[in-house]
Amino acid sequence: MNYWLFKSEPGTFGVDDLARAKDATTPWDGVRNYQVRNFLRDAIRKGDQGFFYHSSCAEPGIAGILRVVRAGYAEAAALDPKHRYFDPASDRASPRWYSVDVRLERRIEPVIGLEKLRKHARGALSEMLILRRGNRLSITPVTREEWRFILSLA
DNA sequence: GCCAACGTTGGC
DNA sequence: GCCAACGTTGGC
């Protein structure tokens, strides 16, 4: 089983939105970066866990724990001409974009803030991609050690 | 294949 | 709103 960090802006879609969704489950869609697309298509498996990270907001940080309940499949939004994520270059036979389904396992309250994570940027979290300057990937891998360490901060 | 311009991201 | 960093685009 692998661990990931899923990043989203709560103003667009945050933990509260996921909690309200049916079965607290949603397709993680809208990814338009090829490196992250490859994670969705090839690496993220059913049963994997992830942190739900809130970015571009008043309190950036980890706000919940997710479970992947469906592995990568062709992103539906890219195939829907009426959807804002529609991409005419994607089709069902050879999809360009992928999504996985995630379910909210639990919230983390209070949020484990970015500030708190940074305190360990030279220690246990020295390899943490989210702490790297300029990192823009919306999904990043998390090691088992990082996962456990961060949970201990909660 | 290069690279400048542009758009997006995300912390502050 | 600002700015740094990065990915993508498109002319050449």
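Side chains are part of it too, since the values below use all heavy atoms of this structure and drop only hydrogens, waters and symmetry mates. Bear in mind that the values here come from a model prediction, so they are computed numbers and not experimental data. Each chain gets a letter, A, B and so on, in the order the sequences are listed, and its residues count up from 1.
- Taking every nucleotide of DNA chain B with any atom under 4.0 Å from a non-hydrogen atom of chain A, the first and last of them, 5' to 3', are B/dG7 to B/dC12.
- A/S56 comes within 4.0 angstrom of a base, heavy atoms only.
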Only pairs under 3.5 Å count here: list side-chain donor-acceptor contacts from residues 114-131 of chain A, not counting sequence neighbours, and write none if there are none.
{"unit_1": "A/K116", "atom_1": "NZ", "unit_2": "A/L153", "atom_2": "O", "d": "2.9"}
{"unit_1": "A/S126", "atom_1": "OG", "unit_2": "A/G123", "atom_2": "O", "d": "3.3"}
{"unit_1": "A/E127", "atom_1": "OE1", "unit_2": "A/R132", "atom_2": "NH2", "d": "3.2"}

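- The side-chain contact (heavy atoms from CB on, under 4.5 Å) search around A/R41 returns A/R37, A/N38, A/Y98, not counting sequence neighbours.
- Legend: residues meeting side-chain contact (heavy atoms from CB on, under 4.5 Å) with A/T143, ordered by chain and number and at least two apart, are A/E145, A/E146.
- Residue pairs that meet the salt bridge (Lys or Arg N to Asp or Glu O under 4.0 Å) test with at least one member in residues 69-98 of chain A, sequence neighbours left out, are A/R32-A/E75.
- Judged as a side-chain contact (heavy atoms from CB on, under 4.5 Å), and not counting sequence neighbours, the contacts of A/R20 are A/D16, A/D17.
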